[in-house]
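The structure appears below as structure tokens.
Just so you know, these numbers come straight off a predicted model, no measurement behind them. Just so we're on the same page: letters track the sequence lines, and every chain starts at 1.
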Protein chains: 2
Amino acid sequence: MSDHIKLFIPGPVEVRREILDAQTQWMIGHRGAAFEALFARVQAKLRRVFFTRSRVFLSTSSGTGLWEAAARNCVSDDPDAGVLATVCGAFSERWADVFERNGKATVRLRVEEGKAIKPERVREALLARAADPNKKPFEAIAIVHNETSCGVMNPLAEIVAVVKTLSPDTLILVDAVSSLGGVKIDFDGLGLDVLLASSQKCFGLPPGLAFAAVSDRALAKAKTIKHRGYYFDFVELEKFLQKNHTPATPAISLMFALDRQLDDMLAEGLENRFARHARLAQLTRAWARARFGLFAEPGYESDTVTCVRNTRGIDVSALNKFLADRGMHISDGYGSLKGKTFRIAHMADATESDMQALFDAIDAFLSV
Amino acid sequence: MSDHIKLFIPGPVEVRREILDAQTQWMIGHRGAAFEALFARVQAKLRRVFFTRSRVFLSTSSGTGLWEAAARNCVSDDPDAGVLATVCGAFSERWADVFERNGKATVRLRVEEGKAIKPERVREALLARAADPNKKPFEAIAIVHNETSCGVMNPLAEIVAVVKTLSPDTLILVDAVSSLGGVKIDFDGLGLDVLLASSQKCFGLPPGLAFAAVSDRALAKAKTIKHRGYYFDFVELEKFLQKNHTPATPAISLMFALDRQLDDMLAEGLENRFARHARLAQLTRAWARARFGLFAEPGYESDTVTCVRNTRGIDVSALNKFLADRGMHISDGYGSLKGKTFRIAHMADATESDMQALFDAIDAFLSV
């Protein structure tokens, strides 16, 4: 189609024609047998992608909605307890903000944008907390696994190990919005408590759905917390999940697409899918290093989105105009990084030939 | 299509093929010019349907999400102030519950299920409040215009007139989830403060989007309230709406469908659309009265969904099985009304011939 601009932005990502078309099945009621079968199918497949035998809640919202869910369900209003929010870029900063806007005591562990959250820093923060006679242990720690704004992938397993050792009762809340489905995150193996993702990133779906694996102890914690609200209440979601229902009417046409896409993801094989993401990331980094530079701290570059340091000072808008004529679109830098960086997503169903076509087009722009 | 069961349930409703197909446009980014043009088009058309020059927020959620928005933005945590929640059935009861779950002082004005909220009762409640030296005026009143569970349409204009006279500073929050787009509700003319609806009822769209017209004074009130959260924060939604954006990534494929459906609604003509809903309601009531009875209080029957009193004691599941073979589906009674009533929706894009085919099929079932 002539109006088709292939997206290389870190969400919403390019969605394949078959998946777009899967949305068009005739509408069904959300309290009947057809819906219950759909919900059960999707639930079983989501658990495989999240590597959990636990529940995966389905939310009609963006991942941002599940940030609010994590804040309202897993952290009390106790001003002496609260959350340790690790911050390494614009999205982790906003999640910290969401905790505060929900009235939760929030301590930020902030590193320079582009740098990773190191286990040593988390260790220091937890030890400092334990040494403070006026404070209680953190009820939760919030970690953005893959910081979309600057292309940093944090060392999740190492951070989790520190928390499990030093503050074992602290719930571990992980935003994997832009990595889950493209990078392996073993919910049960790591012992996470909340792991959230959204449909329009590595799942290769249109936006509008978000998913959260939730541990038994997170659910138990939620039951102790007042004023969790209703729309994002884990206890309510669990009650309905037991019946293969959702508390409110969900985005059914997006669930049709999800059902189909999960089949395709499992048919590809999750390990193959993760390997493809790693390979595309290597290709993209090699291309970018040879022409520009990388923004992320070496060793912590994301396997789903590459943040390119704009060392040549190219006009990113002009580049995108050039690419649009060739049916492609990339992302400018985020917030204060606009112009100084640009971002290339290599997630969901992108292929080597997709990436090569993009690299060729940008090379053509550079040589104009 | 052989698997096509036409829905006569009060949401999700039947969605026309053209509207389902409109979801399949290629994905676009939510921070670019194409999205901004889409948002602006949709916004202008939504304002016509809501009869307002004010803003109409677009939420990726069900209408339930906007219940939470109304609770968190329009009512403070002051235990001596709070909301007067009118209750006449299961959904208005749940909205009252949502206020409480968000920590808001909630006084219920409850009438028997199937009866309407009368302006006299609201008048009494407001006078009682004014006479209570320990309480402040209600910050808001919550009214479900069309109670989907029992087919009652409340006399909104009369209730609003009482509030405007006796408690003019009380914000007027209206759930028109299952009536807006099928029945005229003049947001500006009535002087409402929040008017919310969702996509899968009279708009004839798949579920996943919800809409709220919000007055300037509701927005001003929101700014005074702590801990509004983020996902449903009116102040945040307004900030982004000014740029034709949404704070979080919205359900873009559903917005494509909305854009198309609003064109069709305006092409039909809103007055024609409302007249069609009134006509289908009359036909349905006449059919139901001749064979069963109506559950709603006379004079307050809904123009979008008819709740039929099951005076013949038919097996509603057996009826639905019979109808399924003929490609149709209706709704059993809700909650405690299951079996005692059943519900027939006549909303969105339903036609007289759709309804006649349904009546004929049910008549065939009755004569079996």
Side-chain angles (χ1 to χ4, degrees), chain A residues 1 3-7 9 11-15 17 20-21 23-32 34 59-65 67-69 71-72 94 97-98 101-103 198 200 206-209 226-233 246-254 257 329 331, chain B residues 1 3-7 9 11-15 17 20-21 23-32 34 59-65 67-69 71-72 94 97-98 101-103 198 200 206-209 226-233 246-254 257 329 331:
Chain A
M1 286 167 80
D3 64 344
H4 182 193
I5 303 282
K6 192 170 272 196
L7 300 179
I9 63 178
V13 299
E14 182 67 13
V15 181
R17 174 51 49 199
L20 293 172
D21 289 346
Q23 298 175 96
T24 68
Q25 295 166 62
W26 292 109
M27 193 43 56
I28 58 174
H30 66 303
R31 296 291 184 236
S59 175
T60 295
S61 70
S62 73
T64 310
W67 280 352
E68 191 138 293
R72 297 194 84 181
R94 197 174 307 158
D97 191 36
V98 167
R101 288 175 186 230
N102 282 287
S198 52
Q200 80 281 9
L209 287 179
K226 281 177 71 170
H227 303 152
R228 300 183 303 273
Y230 184 85
Y231 194 71
F232 296 120
D233 178 12
T246 51
T249 318
I252 294 172
S253 57
L254 295 176
H329 187 63
S331 200
Chain B
M1 288 167 78
D3 64 344
H4 183 194
I5 303 282
K6 193 170 270 196
L7 300 179
I9 62 178
V13 299
E14 182 67 12
V15 181
R17 174 50 50 199
L20 293 172
D21 289 346
Q23 298 175 95
T24 68
Q25 296 167 61
W26 292 109
M27 193 44 56
I28 58 174
H30 66 303
R31 296 291 184 235
S59 175
T60 295
S61 70
S62 73
T64 310
W67 279 352
E68 191 137 293
R72 297 193 85 182
R94 197 174 306 156
D97 191 36
V98 167
R101 288 174 184 232
N102 282 288
S198 52
Q200 79 281 9
L209 287 179
K226 281 177 73 171
H227 303 153
R228 301 184 303 271
Y230 184 85
Y231 195 71
F232 296 121
D233 178 11
T246 51
T249 318
I252 294 172
S253 57
L254 295 177
H329 188 62
S331 199

Pick one of side chain, backbone, both or neither for Ile28(A), based on which atoms fall under 4.5 Å of a heavy atom in chain B.
backbone

If you tally heavy-atom pairs under 4.5 Å between each of Gly11(B), Ala248(B), Gly32(B), Ser198(B) and chain A, the highest tally belongs to Ala248(B)

What residue in His329(A), Lys226(A), Arg94(A), Glu14(A) has the most heavy-atom pairs under 4.5 Å with chain B?
Arg94(A)

Before we go on, tell me: are the rings of Tyr231(A) and Tyr231(B) under 6.0 Å apart, centre to centre?
no

Mind checking whether Leu20(B) and Trp26(A) have side chains closer than 4.5 Å, heavy atoms only?
yes

When every non-hydrogen atom of Tyr230(A) is compared with those of Arg101(B), the smallest separation belongs to CD1-NH1, 3.6 Å

Minimal heavy-atom distance between Gly229(B) and Asn102(A), with the atoms involved, is CA-OD1, 3.5 Å

Any heavy-atom pair between the side chains of Ser253(B) and Gln23(A) that's under 4.5 Å?
yes

Closest non-hydrogen atom pair, Gly103(B) against His227(A):
CA-NE2, 3.3 Å

Looking at Gln200(A), Arg31(A), Arg228(A), Arg72(A), which makes the most heavy-atom pairs under 4.5 Å with chain B?
Arg72(A)

Is any side-chain heavy atom of Pro12(B) closer than 4.5 Å to one of Thr249(A)?
yes

Selection from Thr64(B), Val15(B), Asp97(B) maximising heavy-atom pairs under 4.5 Å formed with chain A:
Thr64(B)

Region of Ile252(B) in contact with chain A, defined by heavy-atom distances below 4.5 Å:
both

Largest heavy-atom contact set with chain A, pairs under 4.5 Å, which of Ala71(B), Ser59(B), Pro250(B)
Pro250(B)

Side chains of Arg17(A) and Thr24(B) in contact at under 4.5 Å (non-hydrogen atoms):
yes

Shortest non-hydrogen separation from Met27(B) to Pro206(A) and the atoms involved:
CE-CB, 3.6 Å

Only pairs of heavy atoms separated by less than 4.5 Å count here; which of Ala34(A), Ala251(A), Pro207(A), Ala257(A) has the most with chain B?
Pro207(A)

In terms of heavy-atom pairs under 4.5 Å with chain B, which of Ser61(A), Ser331(A), Gly208(A) leads?
Ser61(A)

